[in-house]
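Chain identifiers are assigned alphabetically (A, B, ...) following the order of the sequence lines, protein sequences preceding nucleic acid strands; residue numbering begins at 1 within each chain.
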There are 4 protein chains.
Amino acid sequence: MPTTRIQKRRRILAAAREVCSEKGFEATRMDEIASRAGVSKGTLYNFFPSKEDLFVDTVLSSYQDFDGLLPAVEDASAEPVRRIEALAESLAGGFDQISQQIQLAHQAWSVVLRSPGARDRLFGTLREIYAGYTEGLADILRAGIASGDFRTDLDVEVVTATWIATFDGLLYRAGFDDPAKIQLCSADGVRTCLGWILEGITAVSEATPTDTHAVTPPPLSVPLEEPPT
Amino acid sequence: MPTTRIQKRRRILAAAREVCSEKGFEATRMDEIASRAGVSKGTLYNFFPSKEDLFVDTVLSSYQDFDGLLPAVEDASAEPVRRIEALAESLAGGFDQISQQIQLAHQAWSVVLRSPGARDRLFGTLREIYAGYTEGLADILRAGIASGDFRTDLDVEVVTATWIATFDGLLYRAGFDDPAKIQLCSADGVRTCLGWILEGITAVSEATPTDTHAVTPPPLSVPLEEPPT
Amino acid sequence: MPTTRIQKRRRILAAAREVCSEKGFEATRMDEIASRAGVSKGTLYNFFPSKEDLFVDTVLSSYQDFDGLLPAVEDASAEPVRRIEALAESLAGGFDQISQQIQLAHQAWSVVLRSPGARDRLFGTLREIYAGYTEGLADILRAGIASGDFRTDLDVEVVTATWIATFDGLLYRAGFDDPAKIQLCSADGVRTCLGWILEGITAVSEATPTDTHAVTPPPLSVPLEEPPT
Amino acid sequence: MPTTRIQKRRRILAAAREVCSEKGFEATRMDEIASRAGVSKGTLYNFFPSKEDLFVDTVLSSYQDFDGLLPAVEDASAEPVRRIEALAESLAGGFDQISQQIQLAHQAWSVVLRSPGARDRLFGTLREIYAGYTEGLADILRAGIASGDFRTDLDVEVVTATWIATFDGLLYRAGFDDPAKIQLCSADGVRTCLGWILEGITAVSEATPTDTHAVTPPPLSVPLEEPPT
DNA sequence: GATGAATGAGACTTCATTCAT
DNA sequence: AATGAATGAAGTCTCATTCAT
């Protein structure tokens, strides 16, 4: 019964994710994964050749949870501004969940240092994921530039890298900083920071601002019209 | 001879940093740290109560290397634009070095999950470091806003958080992505991305640009066409 | 096969008893117990959580060897004098064997000082054993008093405590003293000393002495005139 | 200053006795003995060649505390009954103190198993002590027999061994049994049990018993005249 | 395929002892 | 003679992995 086997595999990965998130990879015992998955230790080794392999698959499986995170991005018919806003909202909405699972990713770094095989498999997948993410975001940007919604002078690559880096950086910081004090290390922080970047991306509305500038000397309003870019 | 003792401590920490960076915390053996530091294993335990404590101190000591990284920030008499450019350059210049040592930090996450004491000590110090960094950057921003060099509508907190997150995010990604393909995961990438953010911070030059905007439809895009990248 | 497991446990305890008796608890290495028991070191820890726990069980198991030592005591139908003589003979007969194993017990004292858990388990069992022993002896004494074989003025508790203490004291002394010089530190010594106590217990033969006593007024003092000897 | 040296040695032994009684020999660290004695670890080794030697001396020194315990025994001019009563009272009065220090002695057994030198030194001294004790008690007994205070049919050796064994046995049992339940494991227990033995030693009051014996042929007295020994 | 008892290499840590100062 | 930092041998215990059932 193939279903059983696949389900069993899933149960094992879920158990591994749970325990590793709680205790850390090194402190996690194969025994505990086995018992929490409801299988024997021997069965673990029927599915994964070693603890490290199991861990890499565990980390990778946790990334798959975010596959559905970027659906808005893919609706190419929607307005670019809506699409990118939807993306930002998805990221913000998933922040807390991702934040938890990023712990797993951190631990992968140790594992990777001692297993080149694990390194290649993990990093390869991460690169694919980031490439897809980058490409999706770039698509939106290009669409927006083409439609005139976004500034025409944007370097798509730079904006994309900055956007992704900002999200990752907030995630990273949320790992140790106190959201009560550093309030931007949070889902709302993601909304705010990505929102600010978004302002820098968006084209200034045609007429009006220009007029304003023409009319009023007050440089004060100028900065507002020139978004953060 | 107190010097000897301090120097010995330093040698141990340096050895630990070396080995842990190479092999990872878990794969590192106390024996190897001892022999590479030129002391006996017992001496290790005269200085650090446990492997974990030694590791936390190792990570923290690696952060101290970057204390000198922000000197430009502190020269309050310099022009805000120069100060923030100097900061960006410092970060970019230190990127490769920091990138290596961030491996240590990643490994700390595993350790932290199983030792509340280590967690408090490490996280506490990280928070202080980030607080200082944040405050230094915010000072520059406030000075620039006051001097009219930066836009007056900036939310200092947001800009600071975004700036820091961008740097951290690039650092994080450089851990696994290939700079040959994703060229922004590099010191130059830091320059480019932070530079782009900087553009969004900087006030539009007084009259002229505004005029340009007022008159010619396209020129407007000119400054914009020279994107931060 | 449950038998196997129990047998393995027995083999381990036997090996532990052997080695600990030879070298002492502290000088005994888990490796040696394991190899002498024909199992791996890991298996040792599958059966006993720690070296100390193994030791406590080893000591306790050695006490079980003496369970069969007091059968005569339990044949309540036998004559009290025979029963108590049988008991004395059992103790004397077991002296040399017990004497060896008392070494184990001595060592328990060190262990007990640093492990309250071990203390409770070991002392608890010892108390039970002594309580059973005490009760068995007291039963005989009471039966003998009732039957007129023993003196009626005996304080059962005192006689019991003295009897047991005498045996333990001889055992203790045999640990360091030389039976060649102090000949009573031996199985025969047990026979002699317990025999002497027995004389003090036994009622003087029927008539005659009573008569003697009859001459002197206070019959009350009679028992006192016939000392424990 | 020789005084200083002797005092220092005493301080070390006192510290060792303290710590070993609390934690047990194995759990006792040379560091702690040194610091509690107010000397450096190196100094310890100026006085005692090894931890084991220090321990043996510690145990032996604790026995010296009881040298003054048997003064009454030595006043050969006093009445035998008074002398033996004084001895019993001394032992009872010292019970609690001896009881504590017996812990030290128990631990010596482990040490002795791995160090023949320690064994010889410790056991040799113990034998001397017991020999002196035995001789002192035997003296009293002989004096009492000679004076008619004690029964003439006593086997001095048996009585002495029983007396000593009883005391040691109670001491041993007090190590693990609960005086609240087994009330004879106590100073009073010593009084009671030795008191009972004393009754068996004491000659029946002058005239009457003697008369009795005189009157009644031999048989009756035979068993009595043939003491348990 | 599943199980889980057995394995044993190997790690951290301790601590008696030394010896330069 | 005193000190106490340094030493390093050695021990307990862990746990990933195996394999007979």
Can you find a pair of side-chain heavy atoms, one from [X] and one from [Y], that are under 4.5 Å apart?
X	Y	value
A:R5	A:R9	no
B:K23	B:E32	yes
D:R29	D:V19	no

With the threshold set at under 4.0 Å for non-hydrogen atoms, list the residues of residues 104-111 of chain C touching DNA chain E in residue-number order. none

Got a sec, which residues hit side-chain hydrogen bond (donor to acceptor under 3.5 Å, both in side chains) with D:S35, two or more places apart in sequence or on another chain? none

With sequence neighbours left out, what residues match B:S40 under side-chain hydrogen bond (donor to acceptor under 3.5 Å, both in side chains)? B:T43

What residues 23-41 of chain B contributes to the DNA chain F interface at heavy-atom separation below 4.0 Å is B:V39, B:S40, B:K41

Using a strict heavy-atom distance below 4.0 Å, which residues from residues 43-58 of chain B are in contact with DNA chain F? B:T43, B:N46, B:F47

From the 5' end of DNA chain F to its 3' end, which nucleotides mark the outer limits of contact with chain B, defined by a 4.0 Å heavy-atom distance cut-off (strictly under)? F:dA5 to F:dA10

My understanding is that only residues two or more places apart in sequence, or in another chain, count here; which of them pass side-chain contact (heavy atoms from CB on, under 4.5 Å) with [X]?
X	value
D:E26	C:E26, C:R114, D:R114
C:V112	C:R119, C:L122, C:F123
B:L113	A:Q107
A:T58	A:L13, A:A16, A:R17, A:L54, A:L104

Relative to each other, are the rings of D:H106 and C:Y172 parallel, tilted or perpendicular (30° and 60° limits)? perpendicular

Got a minute to check which stems DNA chain E is part of, using Watson-Crick or G-U wobble pairs under 3.5 Å, three or more consecutive? E:2-21 with F:2-21

Sequence neighbours left out, what pairs pass ring pair (Phe, Tyr, Trp, His ring centres under 6.0 Å) with at least one residue falling in residues 5-55 of chain C? C:F25-C:F55

Does C:R36 come within less than 4.0 Å of C:E22, counting only side-chain N to carboxylate O? yes

Look only at the side chain of B:S115 and the backbone of B:V111, and say whether a donor-acceptor pair between them is shorter than 3.5 Å. no

Please check if the side chain of A:K51 supplies one atom and the backbone of A:T28 the other of a donor-acceptor pair under 3.5 Å. yes

Are there more than 12 heavy atoms of other residues, nucleotides or ligands under 6.0 Å from atom CZ of B:R11? yes

